[in-house]
Amino acid sequence: MRNIPVDISGLSFTVAGEPEPKIVDRATGEVKKDAEGRDLYVVPLLPKPNDDRRNPVINVTFPSIDFPRIPEGVQVRPVGLSAFYWQMNGRSGLGFRCEAIRPANEPAPAPAPAV
């Protein structure tokens, strides 16, 4: 599966709902984990500007050690946002994931120097 980096330099993101754990098995309530063993969560984000009036909200998956407390309506910055194409059981779509969700007013880390 190929991850496509998303350039968010011209966008702002508003939290459009409560974060929820990404569930592996609804019967047991088991939460999906990333390769490092952190629980995965999904949060709906409203990117602006957005010219797609049909479904402007994107669901972004991200890892967290604790249950994330991200209130609805807050502006955030998805760190390392990438898109990927998925296909399963005759269905397909575009998904989004990021490394972390940070407050929008928190400065972005400086890029690594070129070697």
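Quick note: residue numbers are just sequence positions, from 1. The figures that follow rest on heavy atoms only: side chains count, while hydrogens, waters and symmetry mates do not.
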What's the shortest heavy-atom distance between Arg102 and Val79, and which atoms? CG-CG2, 3.5 Å
With the 4.5 Å side-chain cut-off for hydrophobic clustering, are Val60 and Val74 part of the same group? yes
Parallel, tilted or perpendicular: ring planes of Phe62 versus Tyr41, cut at 30 and 60 degrees: tilted
Can you find a heavy atom in the side chain of Arg2 that is under 4.5 Å from one in the side chain of Tyr85? no
Quick check: do Pro68 and Val43 have side-chain heavy atoms less than 4.5 Å from each other? no
So how far is it from Lys22 NZ to Asp39 CG, rounded to the nearest 0.5 Å? 13.0 Å
Candidate pair Phe13 and Ile101, rule side-chain contact (heavy atoms from CB on, under 4.5 Å), full reasoning: CA-CA 10 Å; Phe13 293 86; Ile101 301 287; over 6 Å; no
Working for side-chain contact (heavy atoms from CB on, under 4.5 Å), residues Cys98 and Leu81: CA-CA 4 Å; Cys98 68; Leu81 183 65; 4.2 Å; yes
In terms of heavy-atom contacts, Glu72 and Ala16 come closest through OE2-O, 3.5 Å
Ignoring hydrogens, what is the shortest heavy-atom contact between Pro47 and Pro56? Give both atom names and the distance. CD-O, 3.1 Å
Taken to the nearest 0.5 Å, the spacing of Ile8 CD1 from Arg77 CZ works out to 6.5 Å
Is it possible for you to say whether Val76 and Val6 belong to one hydrophobic cluster, with membership spreading through side-chain heavy-atom contacts below 4.5 Å? yes
From CG (Asp34) to OG (Ser64), nearest 0.5 Å: 10.0 Å
Scanning both residues in full, the closest heavy-atom pair of Ser12 with Gln75 reads OG-NE2, 4.1 Å
Decide side-chain contact (heavy atoms from CB on, under 4.5 Å) for Val31 and Ile23; before the verdict, give the C-alpha distance in whole Å, the side-chain angles of both, and the deciding distance to 0.1 Å. CA-CA 5 Å; Val31 177; Ile23 303 296; 4.2 Å; yes
Take Leu45 and Val15, measure what side-chain contact (heavy atoms from CB on, under 4.5 Å) needs, and give me the verdict at the end. CA-CA 5 Å; Leu45 299 179; Val15 177; 4.0 Å; yes
Should Pro44 and Asn59 count as side-chain neighbours, where that means a heavy-atom distance under 4.5 Å? yes
Tell me, yes or no, whether the heavy-atom count around Leu94 atom CG, taken from other residues, nucleotides or ligands under 6.0 Å, exceeds 12. yes
Give me the atom names and distance for the closest heavy-atom approach of Gly95 to Trp86. N-CD1, 3.8 Å
Any Leu11 side-chain heavy atom under 4.5 Å of Pro49 side chain: yes
If hydrophobic clusters are built by linking Ile, Leu, Val, Met, Phe, Trp and Tyr wherever their side-chain heavy atoms come under 4.5 Å apart, do Val57 and Val42 end up in the same one? no
